[in-house]
Amino acid sequence: MENIVVKDLLDAGVHFGHLTRKWDPNMAPYIYMERNGIHIINLYKTAAKIEESAKALHKIAASGKKILFVATKKQAKDIVAEKAGAVNMPYITERWPGGMLTNFITIRKAVKKMASIDRMKKDGTFETLSKKERLQVDRLRAKLEKNLGSISDMTRLPGALFVVDIKREHIAIKEAQKLNIPIFAMVDTNSDPRQVDYVIPSNDDASKSIEKVLSLVTSAVAEGLAERKSDKADKPAKSKSASPVKKKAAKAVAVSEEEE
């Protein structure tokens, strides 16, 4: 994982909270001071929380489970799509589809619909449709791609949820809570940290801050995936090296049986 340097967090503006009148009292342990009517986040606590979250995400990625990244606010969308896409993790950057987690079977059906349209285009069935039908199918495909294209590889519920701005993504938070899915989140001074399992106290409005935190987090995910890959590669090698030993053992048993 990338080294967490407090100065880098400072340069990225991770320490800027909201106006003091908008604060959530439950964020008090993570607030360092107030300056010009704005709360300043304690970056030493932020660094510790990033490290804690990174270790947990590393384990989840190494276990083969997916981590669903959620950020629908304008300044976070492109960053999340880039960072999550780079580590091959699913993400939601458009409107959160209601029941995305609690009604996952229905969402999977919509994703399969997208795949069936692609098959129609490959096998020539699409060309047999009328011009109007083709237009309707294309529109449906574009809509599904926009909303669900980034989760097409997610065949089961994610092992964790990573959220930018828990106030905005409150529906996603509630669904994950119902299913006991671990929630990791960037939590600003106007939000209640008790809603999530792994709190990263940070500025969730500035794109520089979001990019810095996500870089650190996805770096840990990438390492977890690499560890899983190397473990998989080691297993066949171990089984091959064990086979001559098994042969010798079998031969010894056979010899002892003959002597008897």
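Being a predicted model, the structure only gives us computed values, none of them experimental.
Enclosure of atom CZ in Phe126 by more than 12 non-hydrogen atoms of other residues, nucleotides or ligands within 6.0 angstrom is indicated. Surrounding CZ of Arg228 are more than 12 heavy atoms belonging to other residues, nucleotides or ligands, all under 6.0 Å away. Dense packing is recorded around NZ of Lys121, with more than 12 heavy atoms of other residues, nucleotides or ligands lying under 6.0 Å away. No more than 12 heavy-atom neighbours from other residues, nucleotides or ligands sit within 6.0 angstrom of NZ on Lys59.
When side chains are defined from C-beta on, Thr20 does not count as touching Ile38, because their heavy atoms never get closer than 4.5 Å.
In terms of heavy atoms, Ile107 sits closest to Pro97 at CD1-CB, 4.1 Å. Taking every heavy atom of both residues into account, Ala172 and Val70 meet most closely at CB-CG1, 4.5 Å. Pairing each heavy atom of Pro201 with each of Val14, the nearest pair is O-CG1, 4.5 Å. Across every non-hydrogen atom of Ser191 and Asp24, the tightest pair is O-CB, 3.2 Å.
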Using distance only, find each side-chain donor-acceptor pair of residues 61-68 under 3.5 Å and give its atom names and separation, not counting sequence neighbours.
from  : atom 1 : to    : atom 2 : distance (Å)
Ser63 : OG     : Ile60 : O      : 2.6
Lys66 : NZ     : Asn88 : O      : 3.1

Atom pairs and distances, side-chain donor-acceptor, residues 177-189, under 3.5 Å, sequence neighbours left out:
from   : atom 1 : to     : atom 2 : distance (Å)
Gln177 : NE2    : Gln195 : O      : 3.0
Asp188 : OD2    : His18  : NE2    : 3.4
Asp188 : OD2    : Asp204 : N      : 3.2
Thr189 : OG1    : His18  : N      : 2.7

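With sequence neighbours excluded, no residue forms a side-chain hydrogen bond (donor to acceptor under 3.5 Å, both in side chains) with Asn36. Evaluation of the salt bridge (Lys or Arg N to Asp or Glu O under 4.0 Å) rule for Asp11 yields Lys7 as partners, not counting sequence neighbours.
At least one donor-acceptor pair closer than 3.5 Å links the side chain of Thr46 to the backbone N or O of Asn42. Using a distance-only test at 3.5 Å, with no hydrogens or angles considered, a donor-acceptor pair links the side chain of Glu175 to the main chain of Leu101. Looking at Thr218, its side chain never comes within 3.5 Å of a backbone N or O of Val221 through a donor-acceptor pair.
The hydrophobic cluster containing Leu135, built from Ile/Leu/Val/Met/Phe/Trp/Tyr side-chain heavy atoms closer than 4.5 Å, comprises no other residue.
Using a cutoff of 4.0 Å between basic side-chain nitrogens and carboxylate oxygens, Asp192 and Arg194 are scored as salt-bridged.
Considering CE of Met100 and CH2 of Trp96, their distance stands at 5.5 Å, rounded to 0.5 Å. How far CZ of Phe16 is from CG of Asn203: 8.0 Å, rounded to the nearest 0.5 Å. The distance from the OG1 atom of Thr125 to the CD1 atom of Ile117 is 12.0 Å, given to the nearest 0.5 Å. Note: Lys112 NZ to Ser152 OG = 13.0 Å, rounded to the nearest 0.5 Å.
Applying the ring-ring contact (aromatic ring centres under 6.0 Å, His included) rule to pairs touching residues 66-89 yields Phe69-Phe162, sequence neighbours excluded.
Under a hydrophobic clustering in which Ile, Leu, Val, Met, Phe, Trp and Tyr are joined whenever their side-chain heavy atoms come within less than 4.5 Å, directly or via other members, Met89 and Ile92 fall into different clusters. By the rule that hydrophobic residues join a cluster once side-chain heavy atoms approach within less than 4.5 Å of another member, Val163 and Tyr30 end up as members of one cluster.
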- Message: Let's go through Ile105 and Lys109 carefully: what are the C-alpha distance in whole Å and the side-chain angles of both, what is the deciding distance for side chain to side chain contact (heavy atoms under 4.5 Å, CB included) to 0.1 Å, and is it a yes or a no?
- Response: CA-CA 6 Å; Ile105 294 167; Lys109 281 179 185 174; 4.2 Å; yes
- Does the side chain to side chain contact (heavy atoms under 4.5 Å, CB included) test come out yes or no for Lys77 and Glu94, once each step is laid out? CA-CA 8 Å; Lys77 286 164 77 166; Glu94 297 301 323; 3.8 Å; yes
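Residues Thr155 and Arg108 have side chains that never bring a donor and an acceptor to within less than 3.5 angstrom of each other.
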